[in-house]
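Convention: sequence-line order gives letters A, B, ...; per-chain numbering from 1.
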Amino acid sequence: MTDTTLKTSGWGGSRLFTTATVQKAVAFVVLIALLAFFGLFAPNFATWSNMVGIMQATAVNGVLGVAVTFVIISGGIDLSIGTMMTLTAVVAGLLLTNLGMPLPLGIIGAILFGAFMGSISGAVIAYMKIPPFIATLGMMQIARGLALVFSGATPIYFNDTPNYGLLSPVSSISALIPGLEIPNGVLIMFAVAAVSSIVLTRTIVGRMIFALGSNEEAARLSGIKVNRWKILTYAISGGICGVAGLIVSARLNSAQPALGLGYELDAIAAAVIGGTSLSGGRGTVTGTIIGAFIMSVLTNGLRVMGVQEEWKIVVTGAIIIVAVFIDIVLRRKA
Amino acid sequence: MAKEADDRAGEENVTGAQPEALPTLVDMRGIEKSFPGVRALQNVRFDLRPGEVHALMGENGAGKSTLMKILTGVYQPDGGEIRVDGRPVTLRDPQAAQALGISIIHQELYLMNHLTAAQNIFIGREPRKGFGIFVDEAKLRRDAAAIFRRMRVGIDPAAEVGHMTVARQQLVEIAKALSYDARVLVMDEPTSALNETEVEHLFTVIDDLKANGAGIVYITHKMDEVKRIADRVTVMRDGQYIDTLPAATTPMATIIQMMVGRELADQHRATGRRAEEEVLRVTRLNRGDAIRDVSFALHKGEILGFAGLMGAGRTEVARAIFGADPIDSGEIRVHGRPRRIASPADAVANGIAYLSEDRKHFGLVTGMSVRDNVTMASWGRFMSGGLFMRDGALGDVAKDYVRRLKVKTPHVHQETRLLSGGNQQKVVIAKWLLRDCDILIFDEPTRGIDVGAKAEIYRLLEDLAAQGKAIIVISSELPEVLRLSHRIAVMCEGRITGELDGRTATQEDIMTLATQRAEAA
């Protein structure tokens with residue numbers, strides 16, 4: 001006991017050196033190394049327009065990664081985020097194009113609908129005691145089917161909502177600071193990440209999510225109403241999927257009902273690479289964003305180098321395994 | 001095999017070292033075993049003859065299980081000698097023990113529920129056919145059926161184990177041991193989950209095994225069973241060998257006294273008078289077989305001890321009062337008012353706290369900080385704007401409790417898994433004090449806590465009672481119950497079999513009530 005005390009106090013507080021933090025730092029170093037590598041060896045990689053392209057490509061996966069980070073920290077998993085994103089995009093299309101609602105109502109509607117669907121997953125998990133993997137696997141198909149049904153299996157275009165582009169490709173910030181042409185979708189991703197990070201670290205919601213993921217039974221025996229917090233967690237995830245749905249449909253200027261499958265795996269990969277533990281209780285939003293960037297830098301860099309694009313998938317797979325291995329090694333040491 | 005044994009016995013006779021007529025199956029001498037901070041076994045001996053049932057008795061923590069884990073190769077002894085058939089052996093692992101014919105029937109059965117009885121018996125050594133690719137299911141079933149016939153039990157080898165009663169599962173375990181040609185069978189409280197008829201049936205099987213020359217080590221707490229089937233009894237206490245006696249002629253009282261040991265005359269006892277104000281009253285609480293008609297009252301400033309053997313239902317009562325498990329019937333009154341407690345949240349709202357024996361699973365969120373654990377049940381009180389946590393205030397209040405309860409931690413941001421057992425317990429206590437709970441249920445409050453820290457926890461509990469908290473202490477350590485309790489409720493098989501005055505009760509009183517089965521009551 002005294003030994004532990006001395007050791008840790010010498011480190012100046014274990015708070016600064018949690019395994020999630022260490023892993024996030026590792027991920028960050030990897031990201032910088034990748035940028036340096038491609039910058040040196042891939043011609044035309046280190047250009048501003050390519051950087052903007054990378055950011056643009058990260059936006060959707062980054063936002064979905066944040067959504068699933070909430071759920072994974074709470075000790076669950078959400079496989080429905082990809083198709084949920086598509087479903088909310090379709091709902092936005094219905095509200096704006098078919099019903100002619102004003103843009104803000106369409107935005108709010110899509111996000112609330114995502115949160116509503118998420119809360120259904122949460123309720124199924126909390127009250128029917130169905131494992132999250134199965135419950136959200138079902139929700140993944142339900143959302144996919146509903147997206148096709150609602151849209152009549154054809155894309156919905158946003159031509160009647162001229163300002164819809166504001167949600168992704170347009171760069172409002174370049175009007176303020178000329179030359180800084182970061183698309184709004186990327187700024188939205190950073191905003192979602194910032195708010196989520198605050199929610200997870202500073203609010204009662206975040207504290208409960210960490211408690212659930214660390215030891216649900218201890219939380220329950222502390223008098224915490226775990227079911228309600230669990231439902232809220234999945235609702236938050238669904239709502240953030242709504243944001244991703246808006247970004248992706250704005251970029252395509254259409255809600256594509258067949259899109260979405262496979263996005264959930266990239267998002268989970270981003271979270272895991274960023275140091276979020278699949279066994280729950282540990283993780284950071286910044287880590288997830290870094291993870292998402294690692295994946296898109298890889299894709300982009302390999303493409304610029306002229307490597308067959310499919311290799312990116314292989315490399316991403318290897319990175320996931322390495323990231324989880326680092327997690328295991330760090331935990332064994334701790 | 002019998003011839004070999006004879007040869008060996010002959011050799012011993014030649015050297016003159018073995019005057020006994022019967023060769024000893026197992027002979028353990030001078031066994032020593034330490035775990036970090038605990039000397040689990042000191043110079044323990046135990047022997048087993050063919051065709052006998054040798055009962056091994058002692059309180060929880062006396063060292064019975066450790067000794068048997070050494071015999072079955074699970075643990076390695078630090079010192080001492082083990083002889084099997086007169087030959088010194090090293091039991092490197094459970095396989096080595098099994099190869100010598102030593103098998104254990106665990107209290108929790110280790111069977112695979114989705115497999116059949118036959119598949120379970122021959123798991124890992126299935127007979128093959130077709131170039132060794134396919135399992136010969138027919139032979140598997142035939143061989144299993146043959147063993148069951150030998151045991152004279154009517155179990156279908158093709159029946160799935162998960163659908164069987166515990167009694168039948170146990171017979172499958174025994175069949176599995178016999179399939180390894182086991183001559184030494186260790187049974188760890190085999191009747192704890194059986195009814196009368198099943199117990200009788202098990203005893204017939206044991207009698208058959210005896211007749212065939214097997215030796216059986218029988219771990220139990222139940223006196224009547226010892227009288228019924230054991231030939232000899234060995235008693236252990238605090239990791240030490242006490243004595244071995246013939247089961248038939250030794251009075252029960254003698255055995256109980258050997259188990260609990262002589263009491264220290266100047267032992268500390270609970271003092272101070274409790275107030276008459278009733279804080280909690282439980283009336284006719286029932287839950288399946290685990291809790292039967294349990295009624296008791298708890299007063300302000302009182303420490304009520306709950307004693308009993310493992311599985312007597314004490315933890316179940318605590319969890320039921322706390323709303324962690326549903327109850328079938330019964331009434332719980334808090335401060336005189338009947339309350340419906342359906343969840344831990346309801347219990348906490350009524351000021352009831354439960355401190356589980358398994359802190360790591362149920363009490364602490366070990367990956368979170370001291371601050372978060374202390375404040376967890378009260379987070380609702382530390383928010384601004386209904387959403388944001390006031391981390392500064394959380395830290396201050398946690399620091400305050402760390403100081404008051406003398407929790408040894410470098411700072412309140414330390415993850416609780418890095419604290420010692422005693423300090424973890426204090427963190428959990430702090431959590432409930434902060435939540436203003438005035439009924440505190442402690443389940444094995446000092447389990448896994450070293451001796452020095454134990455005294456500190458005892459003082460803390462006494463201080464809390466003096467401050468007017470009402471406390472229930474569930475403990476398997478009799479000296480602990482006697483030291484802390486104003487009153488002691490003793491449970492056996494889901495019932496409260498008696499209530500004792502903490503100032504005058506003795507360990508013998510408690511053991512008598514704790515082994516008093518329903519028929520005798």
J.: Side chain, backbone, both or neither: which part of Arg319(B) has a non-hydrogen atom closer than 4.5 Å to chain A?
T.: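 For Arg319(B), the contact with chain A is made by the side chain alone.
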J.: Give the member of Gly281(A), Ala211(A), Ala219(A), Gly213(A) that has the highest number of heavy-atom pairs under 4.5 Å with chain B.
T.: Ala211(A)
J.: Please determine, among Glu216(A), Lys225(A), Met208(A), the option with the most heavy-atom pairs under 4.5 Å with chain B.
T.: Met208(A)
J.: Take atom CZ in Arg381(B); do more than 12 heavy atoms of anything else shown fall under 6.0 Å from it?
T.: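 Above 12, so yes.
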J.: Around atom CZ of Arg202(A), are there more than 12 heavy atoms of other residues, nucleotides or ligands at under 6.0 Å?
T.: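 Count not over threshold, so no.
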J.: Return the OG to CE distance between Ser214(A) and Met368(B), rounded to the nearest 0.5 Å.
T.: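 Going from OG on Ser214(A) over to CE on Met368(B), the span is 5.5 Å.
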J.: Specify which of Ser378(B), Ala324(B), Gly367(B) makes the most heavy-atom pairs with chain A at under 4.5 Å.
T.: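 Option with the greatest count: Ala324(B).
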J.: So for Leu387(B), is it side chain, backbone, both, or neither that comes closer than 4.5 Å to the heavy atoms of chain A?
T.: both
J.: Specify the closest pair of heavy atoms between Phe322(B) and Leu221(A), including all atoms of both residues, with the distance to one decimal.
T.: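 Nearest heavy atoms, Phe322(B) then Leu221(A): CZ-O, 3.1 Å.
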J.: State, to 0.1 Å, how close Asp391(B) and Thr201(A) come at their nearest heavy-atom pair, and which atoms those are.
T.: OD2-O, 4.2 Å
J.: To the closest 0.5 Å, what do you measure between CD1 (Ile204(A)) and CZ (Phe382(B))?
T.: 10.5 Å
J.: Taking all atoms of both residues into account, what is the closest heavy-atom pair of Val365(B) and Ala218(A), and its distance?
T.: CG2-CB, 4.1 Å
J.: Say you draw a straight line from OG1 of Thr203(A) to CE of Met383(B); how long is it, rounded to the nearest 0.5 Å?
T.: 9.5 Å
J.: Within a 6.0 Å radius of atom CZ on Phe296(B), are there more than 12 heavy atoms belonging to other residues, nucleotides or ligands?
T.: yes
J.: What part of Ala347(B) gets within 4.5 angstrom of chain A, counting heavy atoms only: side chain, backbone, both, or neither?
T.: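 It is neither, since no heavy atom gets under 4.5 Å.
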J.: What is the minimum heavy-atom distance between Ser222(A) and Met376(B), and which atoms define it?
T.: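 Heavy atoms only, the tightest pair is OG-CE, 3.5 Å.
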J.: Would one find more than 12 heavy atoms of other residues, nucleotides or ligands at under 6.0 Å from atom OH of Tyr127(A)?
T.: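 More than 12 heavy atoms, drawn from other residues, nucleotides or ligands, come within 6.0 Å of this atom.
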J.: Please examine the side chains of Leu394(B) and Arg207(A), heavy atoms only from C-beta on, and report whether any two atoms are closer than 4.5 Å.
T.: yes
J.: Select one option (side chain, backbone, both, neither) describing which atoms of Leu355(B) are under 4.5 Å from chain A's heavy atoms.
T.: neither
